S.K.: 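There's a structure below that I have some questions on.
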Amino acid sequence: MENAEVVAMLGEIADLLELTNENPFKVRAYRRAAQVVDTLPVPISELVHKGELGSLPGVGDHTAERIAQFVESGTCDVLERLRGKVPPGVMELLRIESVGPKTAALVWKELGLTSVDALEEAALSGRLATLPRMGAKRAEAIVSAVARHRSRQGRVPLHRALPYAEDLVARLRAIPGVKQAIAAGSLRRHKETVGDLDLLVSSTDPERVVSAFPKLPGVTTLLAQGPTKSTVRLSVGLQVDLRVLPPESFGAALHYFTGSKAHNIALRTRALHRGLKVSEYGVFDAKGRRIAGEREEDVFRAVGLPWIPPELREGLGELEAAAAGRLPTLIEEEDLRGDLHVHSEASADASSSLLELASAARGFGRSYLAITDHSRSRPLGLDEARLREHLDTIRWMDRELRGRPHLLAGIEVDILPDGSLDLGAEVLSELDCVVASVHSRFNMSSEEMTERMVRALRSGLVHVLGHPSGRLIGSRDPYPYDLERVLEVAREEGVALEVNAQPERLDLTDSACQRAKEAGVKLVISSDSHNAQHLDDLRHGVWVARRGWLEAGDVLNTLSLSELRRHFRRSRRVSPSTWTGEGPGLAP
DNA sequence: GCCGTTTTCGGCCCGACTGTTTTCAGTCG
């Protein structure tokens with residue numbers, strides 16, 4: 001049973017309740033529970049078995065019972081009963097933009113429509129326009145929304161959306177009268193994917209901005225427009241919302257449009273308890289006087305809180321932590337002193353020379369760089385003989401560079417299907433930095449994969465477990481494995497887990513980082529560069545780490561080189577002097 | 001259905017825009 005299935009079940013119940021006109025707060029309760037389960041880094045079945053579901057925020061007795069029943073039996077009574085009331089095709093109508101529960105229920109009950117195709121046909125034939133509060137324009141909007149629904153691609157990875165956001169913000173800043181422009185939303189929270197762009201502008205002349213916006217390059221469709229708001233679609237398919245507010249409201253608007261929704265609701269509820277009202281225009285007291293709004297930190301202060309970094313604003317306990325003075329001092333990109341996973345042209349899929357990597361790393365301010373090329377099981381990977389030659393080259397280059405930056409001799413060694421390492425213990429024990437990763441046989445059971453990883457961690461030769469879940473955002477799911485078990489063994493063995501900063505990987509995820517920290521496991525943030533340009537990707541890893549509540553002290557590559565070496569020496573049990581020559585990279 | 005700096009019952013964030021309406025319901029974020 002995957003957490004995603006539970007999330008889908010809770011979401012389906014929420015949809016069905018909406019379609020049957022249930023209490024909207026009950027609907028919200030299910031949606032909130034779905035969101036909480038969605039951000040859970042551990043299998044929900046574990047919580048079920050330990051009877052700990054109730055400890056999740058937003059999950060009460062009823063929902064816990066539904067989840068438990070669903071996990072045990074694959075379905076639950078409430079879901080089945082609701083499904084019996086609503087034809088399945090009606091559910092899909094909710095996925096059409098501008099069609100909500102009221103419209104879907106209306107067309108189902110009045111016209112008997114139970115599929116997207118039937119809805120489209122009714123809109124085209126004019127039947128739809130005969131319904132109350134329906135007309136020609138609604139029908140037209142629904143026809144085009146159906147077309148978009150059929151060609152829809154889901155959320156966009158952050159790194160793909162960023163350039164569009166930066167370009168639009170720069171163009172907005174150039175419009176006369178604009179004081180400030182910024183991209184808010186999940187992009188500012190550095191979520192790994194974004195659904196749309198939320199741009200925010202403060203200006204003394206809002207109409208000028210709103211009218212100029214749809215004419216900007218890259219904009220193809222104007223979806224909605226009012227005096228302070230405009231929604232457009234870009235040629236690449238991204239939807240962009242623009243809001244223009246007066247400067248005295250900019251901080252409140254920035255807070256509001258940064259979200260998340262759950263965070264906003266929590267903050268506004270807190271404000272209500274203090275007799276205050278929070279909107280995008282400011283914080284207002286009982287008499288309607290604005291007491292904050294120009295700066296974001298003033299909004300927080302008005303409700304008795306310190307400023308909370310955007311990455312933490314997911315409605316998952318940040319307000320409570322802030323109120324208790326327990327907010328973490330989040331790691332910053334500047335805290336990173338080195339990069340512990342970098343491929344040179346000695347890897348078949350990489351292209352930069354040692355010198356190119358070193359120069360680029362120097363440019364990014366890194367003081368050390370571990371060269372970690374692939375081991376022999378990868379195509380053209382290094383066997384022991386070639387690795388030794390390569391090490392000589394790295395050490396020679398390191399001397400030439402005189403610490404600008406330091407080069408560490410490393411390897412990204414494959415974890416073979418049986419959990420042994422792809423190179424012998426003797427050569428591995430000579431290296432400064434051993435990253436061990438799974439690159440093959442992703443289709444093992446969770447038990448087998450966990451055992452495979454545990455055996456590698458137990459070898460006494462590994463410093464870092466590379467891209468632990470193996471996922472590729474949007475193209476490959478993580479392989480199943482028991483994160484809690486891996487964390488337990490990693491802590492015992494002193495092995496760090498990697499936050500792989502490749503924008504398509506971001507592996508570990510934010511919530512898994514948080515679990516690792518709670519489990520007492522150290523992390524490293526590595527670029528996994530296959531080209532000198534990619535060394536800059538480290539910032540994506542820092543964003544993930546920040547979303548995982550990590551501080552500089554949780555991340556090993558914030559250490560100086562000498563501190564790092566000391567740490568690695570402590571964590572490794574097999575050193576060249578103690579190696580006895582038994583077996584290739586196996587635990588004793 | 002959840003939850004407690006008024007509450008174990010009675011609340012539950014707030015506003016913009018559209019289309020179809022002469023005042024507002026529905027959707028969205």
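Note that this is a predicted model, so its numbers are computed, not measured. Just so it is clear: chains get the letters A, B, ... in the order the sequence lines come, proteins before strands, and each one is counted from 1.
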S.K.: Does one side chain, of A:R243 or A:Y256, offer a donor that lies under 3.5 Å from an acceptor on the other?
M.R.: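 Looking only at side-chain atoms, A:Y256 and A:R243 do not form any donor-acceptor pair under 3.5 Å.
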
S.K.: For A:R138, answer base if it contacts any base atom (sugar-phosphate contacts may also be present), sugar-phosphate if it contacts only those atoms, and nothing otherwise; contact means non-hydrogen atoms under 4.0 Å.
M.R.: sugar-phosphate

S.K.: Using a heavy-atom cut-off of 4.0 Å across all strands, would you classify A:Y256 as base, sugar-phosphate, or nothing?
M.R.: base

S.K.: State whether A:S98 places a side-chain N or O below 4.0 Å from either non-bridging phosphate oxygen (OP1 or OP2) of B:dG26.
M.R.: no

S.K.: Consider the side chain of A:R133, meaning its heavy atoms from C-beta on, and name the nucleotide among B:dA25, B:dC14, B:dC17 that approaches it most closely.
M.R.: B:dA25

S.K.: Give a yes/no on whether any side-chain N or O of A:H273 is located under 4.0 angstrom from OP1 or OP2 of B:dG4.
M.R.: no

S.K.: Below the 4.0 Å mark, does B:dG29 have OP1 or OP2 next to a side-chain nitrogen or oxygen of A:Q239?
M.R.: yes

S.K.: Reckon A:V59 touches a base, only the sugar-phosphate, or nothing at all at heavy-atom distances under 4.0 Å?
M.R.: sugar-phosphate

S.K.: Which base sits across from B:dC14 as a Watson-Crick or G-U pair, both distances under 3.5 Å?
M.R.: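 The base-pairing partner of B:dC14, which may sit in any strand shown, is B:dG29.
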
S.K.: Identify which nucleotide among B:dG26, B:dG29, B:dC12 has an atom closest to any side-chain atom of A:K261, counting heavy atoms from C-beta outward.
M.R.: B:dG29

S.K.: Counting heavy atoms from C-beta on, name the nucleotide in B:dG29, B:dG1, B:dG15 closest to the side chain of A:D241.
M.R.: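 Ranking B:dG29, B:dG1, B:dG15 by closest atom to the A:D241 side chain puts B:dG29 first.
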
S.K.: Of all the choices, B:dG1, B:dT27, B:dG19, which nucleotide is nearest to the side chain of A:T103 once you look at every atom?
M.R.: B:dT27

S.K.: Counting heavy atoms from C-beta on, name the nucleotide in B:dT18, B:dA16, B:dG26 closest to the side chain of A:Q225.
M.R.: B:dT18

